[in-house]
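Here the structure comes first, spelled out in structure tokens, and everything after it is commentary.
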Amino acid sequence: MLAAWWLLTATQVIPPTRFASPHEVWAALKQVALTGYADARLHEHILHSVKLVLMGFVVAVAAGVPLGLAMGWSARVEALINPTFLLIRPIPPLAWIPLAIVWLGLGDEAARMLGVSRWMMVREVLIPGAAPHIFTGLRLSLQACWTTLVAGELIGAAAGLGRLLAQGALDLFPAMIVVGMVFVALSGGVMAWALGRLEVLAMPWRR
């Protein structure tokens, strides 16, 4: 694949203004890593985006997991809350970005039949039974976090991988856009791998 990439760019089958060569991507990587681009160096862009993803993910987990368990525990709670989810679900995550900017600005700123006790019912039945579905939701949420964060940073951010992509587009700098895309993929992949390891530790019975 690398050879095909090199061949396409070396022969200029695709104009260099549209498709960067491996050499140009390497030069762009060195530039952003050593001297900086879009007002920050590469590690600062990565840390900024990862911090925001983790902040949003933690708030979402802290609110969503207890709420989901409560809905699984009580039909009354589900009947009360589920209609709201049915209304919100069709709205794409990206559609919330303008409203979030208005609200928050652009800165960084969440067995019973066997006679067992209520706590044992939650600990031994509800949580283990719900755990696979919880982690499926967490993986999907983590992916949505990265998608939404990068889209938000494209609109306006002081730093971050989305900001790197936006500035590369404004400067017609395809090599820098490739660097940004690669590190979005790597950062998201590392976080997904860490979540997978946590899933294995949390559910040892599924090994």
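Please read these numbers as outputs of a predicted model, since none were measured by experiment. In what follows, every heavy atom counts, from backbone to side chain, and hydrogens, waters and symmetry copies are set aside.
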Side-chain heavy atoms of [X] within contact of [Y], under 4.5 Å:
X    : Y    : value
D39  : R163 : yes
H48  : E153 : yes
F183 : L164 : no
V53  : L142 : yes
L52  : W146 : no

Could you grab the distance from atom [atom1] of [X] to atom [atom2] of [Y], nearest 0.5 Å is fine?
X    : Y    : atom1 : atom2 : answer
M181 : L186 : CE    : CG    : 12.0 Å
L149 : M55  : CG    : CE    : 11.0 Å
M176 : L42  : CE    : CG    : 9.0 Å

Quiz prompt | Y37 side-chain N/O to Q167 backbone N/O, donor-acceptor pair under 3.5 Å | solution =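 Judged by distance alone, yes, a pair lies under 3.5 Å.
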Quiz item: Ignoring hydrogens and geometry, is there a side-chain-to-backbone donor-acceptor pair from S74 to A70 under 3.5 Å?
Solution: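 A pair under 3.5 Å: no.
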Taking all non-hydrogen atoms of both residues, which atom of [X] and which atom of [Y] are closest, and how far apart?
X    : Y    : result
A20  : P174 : CB-C, 4.0 Å
S187 : I46  : OG-CG2, 3.8 Å
V179 : V25  : CG2-O, 3.7 Å
L161 : S49  : N-OG, 2.9 Å

Practice problem: Evaluate the side-chain contact (heavy atoms from CB on, under 4.5 Å) criterion for residues F57 and M191: first the C-alpha distance (whole Å), next the side-chain angles of each, then the deciding distance (0.1 Å), finally the verdict. | Solution: CA-CA 11 Å; F57 190 64; M191 292 182 70; 5.9 Å; no
